[in-house]
Amino acid sequence: VYTDQNLSKRMLEIGAKDCKVISDKQVLTIGEKLRALLGPNRYKVVAIGPEAYNRMYSKNSNVNRILSWAHARAIENLLEGVPSCPRAVADQFGAEWLIKSALMEKGRSIILEQHHKAESDIAVAAASVIAREQFLIHLKKLSQDCGIELPKGASQAVIDAGKQYVEKYGTEALSKVAKLHFKTTQSVMQQNLL
């Protein structure tokens, strides 16, 4: 998410804050308002669906490398719409060099700041809301497409939905709706073998 002083003030008025401290209903409402405020050039989403995630993970088995690639791609995409942006702020989820090394030409020309709990920066907070909003929208669509309510998180409800999905579509199809290396998915696959 790109911001400036005026946009930051408007984002705060809309209610942008770390998505982890607001409800899913609020995320959906605030996310929609943020996207309308920003327009398509001042925010970019790099969505990695389950199948793409599983392919990427099978190649390097490192979640932080996948996150770094996605952050770098989002920065590069944003710089196409706002080439004058002088800096980017990102949450530091791994070694600092990970995002820096994934940046391309445009991204290497700006200042990249990384720190823990970066959601205290309004741009990162707004980005977290839009990312969560898009995740929730995609999860709802996946649920509709497969005809099974797919809950988020790691709970017995998730395992039960996974078992229902496997009964309907088979174990191989799990890659379309789940991260295969997660313990919850492993539990679904193991229970299916019993």
Side-chain angles (χ1 to χ4, degrees), residues 1-2 18-20 24 27 31 34-35 40 43-81 85 87-121 123-143 145-146 150-155 158-159 161-162 165 171-190:
V1 167
Y2 170 82
D18 180 3
C19 71
K20 293 185 287 297
D24 286 350
V27 163
L34 286 170
R35 287 185 296 104
Y43 80 91
K44 298 296 176 189
V45 175
V46 175
I48 303 173
E51 288 183 288
Y53 176 89
N54 288 320
R55 276 193 309 275
M56 293 171 87
Y57 189 83
S58 72
K59 289 180 182 175
N60 67 36
S61 301
N62 188 309
V63 174
N64 285 344
R65 286 188 190 273
I66 296 169
L67 286 171
S68 297
W69 173 84
H71 277 71
R73 184 74 255 160
I75 291 168
E76 295 287 340
N77 292 348
L78 191 60
L79 288 171
E80 288 178 19
C85 180
R87 74 181 182 108
V89 179
D91 192 41
Q92 187 171 350
F93 49 81
E96 196 171 309
W97 62 266
L98 283 168
I99 295 177
K100 285 183 178 182
S101 67
L103 287 168
M104 291 171 270
E105 185 178 342
K106 289 178 186 159
R108 289 184 179 152
S109 68
I110 65 170
I111 298 166
L112 175 62
E113 297 176 19
Q114 298 178 67
H115 36 90
H116 298 287
K117 301 189 182 197
E119 295 86 358
S120 62
D121 184 290
V124 178
S128 80
V129 171
I130 292 172
R132 182 68 169 188
E133 176 214 21
Q134 294 301 299
F135 164 76
L136 293 170
I137 290 168
H138 184 71
L139 184 62
K140 182 177 182 180
K141 184 176 180 337
L142 272 177
S143 294
D145 289 350
C146 72
L150 300 172
K152 62 187 185 328
S155 66
V158 174
I159 292 171
Y165 185 87
T171 305
E172 302 78 29
L174 271 174
S175 67
K176 295 179 180 182
V177 296
K179 295 175 180 171
L180 296 178
H181 68 95
F182 275 27
K183 286 183 182 180
T184 308
T185 308
Q186 296 294 316
S187 294
V188 169
M189 290 190 290
Q190 287 172 353

For residues 94-106, which side-chain donor-acceptor pairs fall under 3.5 Å, sequence neighbours excluded?
residue	atom	partner	partner atom	Å
Glu96	OE2	Lys100	NZ	3.4
Ser101	OG	Trp97	O	3.1
Ser101	OG	Leu98	O	3.1

With rounding to the nearest 0.5 Å, note down the distance linking CG in Asn64 to OG in Ser68. 6.0 Å

Might you point out which heavy atoms bring Val158 and Gly153 nearest each other, and give the distance in Å? CG2-O, 3.4 Å

What is the minimum heavy-atom distance between Val124 and Ala118, and which atoms define it? CB-O, 3.3 Å

Who passes side-chain contact (heavy atoms from CB on, under 4.5 Å) against Ile137, sequence neighbours left out? Leu28, Glu133, Gln134

What pairs with Arg65 under salt bridge (Lys or Arg N to Asp or Glu O under 4.0 Å), at least two apart in sequence or on another chain? none

To the closest 0.5 Å, what do you measure between CD1 (Ile159) and NZ (Lys183)? 11.5 Å

Between the CG atom in Leu180 and the CD atom in Glu172, the distance rounded to the nearest 0.5 Å is 11.0 Å

Check salt bridge (Lys or Arg N to Asp or Glu O under 4.0 Å) between Glu51 and all other residues, then give those that pass, not counting sequence neighbours. none

If you look at every heavy atom in Pro50 and His138, which pair is closest and at what distance? CD-NE2, 4.0 Å

Test your reading of the model: is there a side-chain donor-acceptor pair from Asp91 to the backbone of Phe93, 3.5 Å cut-off? no

Under the side-chain contact (heavy atoms from CB on, under 4.5 Å) rule, collect the residues that match up with Ile110, sequence neighbours excluded. Ile75, Leu79, Ala88

Could I get the full list of side-chain contact (heavy atoms from CB on, under 4.5 Å) partners for Asn77, not counting sequence neighbours? Lys44, Val46, Arg73, Glu80

How long is the gap from CG on Asn54 to NZ on Lys59, to the nearest 0.5 Å? 12.5 Å

Looking at residues at least two apart in the chain, or sitting in another chain, which of them share a side-chain hydrogen bond (donor to acceptor under 3.5 Å, both in side chains) with Lys20? Asp18, Glu119

Considering only residues two or more places apart or on different chains, which pairs with a residue in residues 108-118 satisfy side-chain hydrogen bond (donor to acceptor under 3.5 Å, both in side chains)? Arg87-Glu113

In chain order, what residues pass the salt bridge (Lys or Arg N to Asp or Glu O under 4.0 Å) check against Asp24, with sequence neighbours excluded? Arg132, Lys152

Taking all non-hydrogen atoms of both residues into account, name the closest pair between Val1 and Tyr43 and its distance. CG2-CB, 4.1 Å

What residues, two or more places apart in sequence or in another chain, satisfy side-chain hydrogen bond (donor to acceptor under 3.5 Å, both in side chains) together with Lys140? none

Quick one: ring-ring contact (aromatic ring centres under 6.0 Å, His included) partners of Tyr165, sequence neighbours excluded? Tyr169

How would you list, by chain and number, every residue that makes a side-chain contact (heavy atoms from CB on, under 4.5 Å) with Tyr53, sequence neighbours excluded? Ile48, Tyr57, Val63, Ile66, Lys179, His181, Phe182

